[in-house]
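Down below is the structure, laid out as structure tokens.
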Amino acid sequence: MKHHFETEAIRTQTERSQYLEHSTPLYLTSSYVFEDAEDMRASFADQKVRNIYSRYSNPNTSEFIDKICKMEGAESGYAFASGMSAVFSTLAALLNAGDHILSCRSVFGSTQTMFKNILPKWNISTSYFKIDEIESIERLIQPNTKIIYAESPTNPAVDILDLEALGSIAKKHNLILIIDNCFATPYLQQPIQFGADLVIHSATKLIDGQGRVLGGITVGNAKLIKQVYLFSRNTGPALSPFNAWVLSKSLETLAVRLDRHCDNALKVAVFLESHNKVNLVKYPFLKSHPQHQLAKKQMKAGGSVVAFEVKGGIDAGRQFLNSIKLLSLSANLGDTRTIVTHPASTTHAKLTEEERLQTGITGGLVRISVGLEHPEDIINDLNQALAF
Ligand SMILES: Cc1ncc(COP(=O)(O)O)c(C=O)c1O
């Protein structure tokens, strides 16, 4: 029987051991034993579905993958040591030398660096479209284009891309659509419903939710995942069983955490919008967001990230950050602790100014990953910091 999202997140569990534990134990083992020579031969020949070696699979990792597959409506998946190893291994598994990627300009800084500096080593090139240029993507398709790559909401400008439009373009041209769903999580948005072939997560963010471990995952079409799996099983980017155990436990509370993250973020966005030192506030569920209707169509709530611009540009932005008392200045997001960052001087500092502006990052742009503290305390700290 199919259960609700919250129930699957809690009740999807690896088989109990002979100890009949209630909560899944930690399987810290690098390898597994075989009954006899024939069992070993058949296992290595992929004639049996079983654990062989933890670079291939592990009970904790499989439980984590099963949960995310159910949440995303995906056929299968593979879990990675970090979000970036998920992005790299997925692309490296699916692309050949000479292939071409069509990517939204607004993708995470390290992903952009990969497109710009790393994949060209294998003659893999990337062309970019802006968030509001989806209709014109077809003009950028080349005979060697293989993948359309995008994030929604985008990091850090919190723009929304039309996933259904991307899905139908990918289908029409027989391209693989990959969506980084890190900002939304499967609780708020399921890109496969809109035509994505693969969904990638940095599990380091809201999936862990407490700023403890790194992790990544790719889920989706079984045939594509098989290629990702075979590439990864031989190149070694596997998630550690310990991190998988932490992440699978975290998924049990994803829905309740996200409900509160989104409530707090909306309150923070409404407060910022009313403040006279703030120029622009971007939050998908604010009516003033340019793609508000689209956000409501494809997301259950607005997520945990609010972007805004302090009046006075880069100097004012830095002064604001220096006045923060309670909240954290940190590079992560999706933590219980509210985090304030300045993308232009940190996560996106390696881009040129022109590239930054094309990604929606102005000098004064501040990104807040709204946490689970009491919303009045978050707002009070922002309010006193804006009084510089
Ligand atoms: C949208 C997005 N994708 C991918 C990543 C990379 O994930 P990780 O830091 O787990 O490697 C991040 C990290 O911030 C991110 O925000």
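Atoms within each ligand, like the ligands themselves, are counted from 1 in listed order.
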Q: Any atoms of ligand 1 less than 4.0 Å from a non-hydrogen atom of Ser82? List them with their elements.
A: 10 (O), 11 (O)

**Q.** salt bridge (charged side-chain N to carboxylate O under 4.0 Å, His left out) assessment of Asp335 paired with Arg337
**A.** CA-CA 5 Å; Asp335 196 311; Arg337 290 154 283 240; 3.1 Å; yes

Q | Atoms in ligand 1 flagged as close to Gly215, the criterion being non-hydrogen separation under 4.0 Å | A | 10 (O)

Q) Which ligand 1 atoms does Glu151 reach within 4.0 Å, using its non-hydrogen atoms? A) 1 (C)

Q: Going by the side-chain contact (heavy atoms from CB on, under 4.5 Å) test, name the single residue among Ile147, Thr126, Ile148 that passes it with Ser103.
A: Thr126

Q: Flag Asp180 as yes when one of its N or O atoms lies below 3.5 Å from any N or O atom of ligand 1, and as no otherwise.
A: yes

Q: Give yes if a backbone or side-chain nitrogen or oxygen of Lys205 is under 3.5 Å from a nitrogen or oxygen of ligand 1, and no if not.
A: yes

(Q) Can you tell me if Glu354 has over 12 outside heavy atoms packed within less than 6.0 Å of its CD? (A) no

Q) Can you tell me if Ser110 has a non-hydrogen atom under 4.0 Å from ligand 1? A) no

(Q) Can you report which non-hydrogen protein atom sits closest to atom 10 (O) of ligand 1, along with the distance? (A) Thr204 OG1, 2.6 Å

Q) Salt bridge between Lys146 and Asp197, side-chain N to carboxylate O under 4.0 Å? A) no

Q) So with a 6.0 Å cut-off around OH of Tyr53, is the heavy-atom count from everything else above 12? A) no

Q.
With a 4.5 Å cut-off on side-chain heavy atoms, are Gln298 and Ile160 touching?
A. yes

Q. Between Gly83 and ligand 1, is there a nitrogen or oxygen pair with a distance under 3.5 Å?
A. yes

Q: Starting from atom 16 (O) of ligand 1, locate the nearest protein heavy atom and write down its residue, its atom name and how far away it is, to 0.1 Å.
A: Asn155 ND2, 2.9 Å

Q. Does the pair Asp39/Arg50 count as a salt bridge with the N-to-O cut at 4.0 Å?
A. yes

Q: Flag Met84 as yes when one of its N or O atoms lies below 3.5 Å from any N or O atom of ligand 1, and as no otherwise.
A: yes

